[in-house]
Amino acid sequence: MRKIRSPEEIIEFLKEKYGEKIISAEIKERVEGTSGVKLRDLWITVDREILKELIKSLHEEIDFLHVSVITPIDMGENIEVVYHFCVYYGIPSSECVINVKVSLPKDNLEVSTITDIIPGALFSELDLQDMMGIKVIGIPERGPLFLPDEFPKEFYPWRKDEKNIDNFGKEIIINSEGNKNGDI
Amino acid sequence: METYSCSLPIGPIHPAFKEPVRLSFILEGERIKDVKVRVGWTHRGIEYLGMRRNPIQTIYLAERICGICSNSHPLAFVRAVENAASIEVPLRAQYIRVFIAELERIHSHMLWAGVLAHEMGFDSLLFYTWKVREKVMDTLEYLTGNRVNYAMLMIGGVRRDITQEGYRFIKETIVYYREMMDKIKETILEDQSVMLRTRGVGILTKEDALKLSAVGPTARASGIPLDVRQDYPYEAYADISVKAITPDIYTHEEPIGDSYDKTVVRILEVEQSLDILEAVIDNLPEGPIVKEANLNKLLIQLRRAKGEGVGRIEAPRGEDIHYARLEGVENLHTWRARAPTYANLLTWIPMYKDQEVADIPVIAASIDPCIACMDRVTFVDARSGGERIVTGEELHKMSVEKSRKLRGVK
């Protein structure tokens, strides 16, 4: 039987272990149905140094992690990466979604792979590389996953800056016609 | 007999996959030694499009991610946006959402049963299950106006109510399926040739399913009782207790995660969906069906909202999760959609190990990626480098021949 900890207890466990490296922790609640069941999600922002270690301790000491997906978000100056994990699945009304967030500055876009802990994260990590240009260190397979092989390098569909794929066509027009304003 | 290894790439263009896939098999004789999966040939960049539209417009984009789960994706999406903008959903809308979701599950599982029958060369069963499926399609059309892409969901509720005539139609449908399911169960689960083609084929162990984060019937068939409806009861599932279906309920044996177990789970889930439909229709609360009916007001509210949210639901194929972020501007800031097949595709790799080429269609179908048509297959002889194109029809023929051989029919 798996020991079930409440979201508060999980936060407490992580704060005790990592102290100030846990930048923020929040529980979001949503009430469902006439019976008013409360679904509670955990949102944790952590320092990038402890990311992998934290995932490992969640996996080993809380519950066998289910990786739902990894979402990268372009916030301008930096890119936030959210790991959506689930714990206590298979136990009625007990599942908890743990969203672990790290912030990466755009001049240092690197995270370590977690596929050695949970191999199911492979596709999500390949997506991080292809769609957002985040280098995943130690990933066992080379991409691209969804994008074609001939997709322009150094341009990414989900970026909101000059590396967005929208700027790729403009560059070609500027180069071929000498048109500096880049109108298409 | 001399054996040699050769590679066998399948794909990439398979219009029937929800995510186009190329499978490159390494064979030794007829046995599969390894497989590599590559996806992305018809990636449409729907998330990219969604991030350039407002959340209400994006509901309709989300609906078009998949033709079969055309309620699941928008449901996960609207839940993500509701979480981000802290919008409550009226009770009646929560029940109607579940209602459409369960009708969709019935149609998806019936469609899948037909596809599996076809892959095995059991075409009379294909026609039978698809005929039975028409009733639920009619019900969906009656309630929503469409057979697919129901356009039922809105942020903060649903767009159409269930009328008194609708109740009658639904009751009829439930009675019809109750009668039909006994026959279907007997034809699929007790049939000797189905048993021969699926038992012990494409095994996914519990350990692999856990490690690869498998979802839905694929994980449940391996004995992991995970079901978002049970574990994380969203919408009206909070009032209706749903129990994750594992194959041992029917077989009374330890689940092994083969194609037969996956079939059992899906067939039993159709019956479970009927129970849920009855519970929903009997307890449907009165009241409004949407929090804010005026779309302009809703848009203004969404434009002002700042926040992020995750929407998780159980689609017919498993957990479907969407992430949405609003940043106080007109358009969505970020949207990420993850379909269940995205999580389940990796399970093909252990499932294909040591299987036969003739079982490729059955195993591919077992995780329900909807193979209706095999496009083309290329055999590459590793030693000579020679290549020969085998059509999807030929691969299908090999599968049918295996069924006949097993049944002793010439």
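Fair warning: this is a prediction, and the values are worked out from it, not measured in the lab. Within every chain, numbering begins at 1; the chains are lettered A, B, ... in the order of the sequence lines, protein sequences first and strands thereafter.
- Residues of residues 105-122 of chain A that come within less than 4.5 angstrom of chain B, heavy atom to heavy atom, are I118(A), P119(A), G120(A), L122(A) in numerical order.
- For chain A, the nearby part of Y95(B) is the side chain; its heavy atoms alone come within less than 4.5 Å.
- Heavy-atom distances place no part of R229(B) under 4.5 Å from chain A, backbone and side chain included.
- Residue-level contacts of residues 322-331 of chain B with chain A, in order of numbering, are Y323(B), R325(B), E327(B); threshold 4.5 Å between heavy atoms.
- Checking side-chain atoms of D239(B) against main-chain N and O of S35(A) turns up a donor-acceptor pair under 3.5 Å.
- Interface summary for chain B: among K160(A), K28(A), M131(A), the most heavy-atom pairs under 4.5 angstrom belong to K160(A).
- Both the backbone and the side chain of E235(B) come within contact range of chain A, with heavy atoms under 4.5 Å apart.
- Heavy-atom distances place the backbone of A214(B), and not its side chain, under 4.5 Å from chain A.
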**Asked** E141(A) and K36(B): salt bridge (charged side-chain N to carboxylate O under 4.0 Å, His left out), yes or no, with the steps?
**Response** CA-CA 10 Å; E141(A) 274 186 43; K36(B) 284 199 168 58; over 6 Å; no
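- Both the backbone and the side chain of Q230(B) come within less than 4.5 Å of a heavy atom of chain A.
- Against chain A, no residue from residues 278-289 of chain B qualifies, as none has a non-hydrogen atom under 4.5 angstrom away.
- Interface residues of residues 52-66 of chain A toward chain B, defined by a heavy-atom distance below 4.5 Å and sorted by number: F64(A), L65(A), H66(A).
- Here R336(B) contributes atom CZ and I70(A) contributes atom CD1; the two are 8.0 Å apart, rounded to the nearest 0.5 Å.
- Contact annotation for V98(B): neither backbone nor side-chain heavy atoms come within less than 4.5 Å of a heavy atom of chain A.
- Contacts between R52(B) and chain A at a heavy-atom distance below 4.5 Å involve the side chain alone, from C-beta outward.
- For chain B, the nearby part of D74(A) is the backbone; its heavy atoms alone come within less than 4.5 Å.
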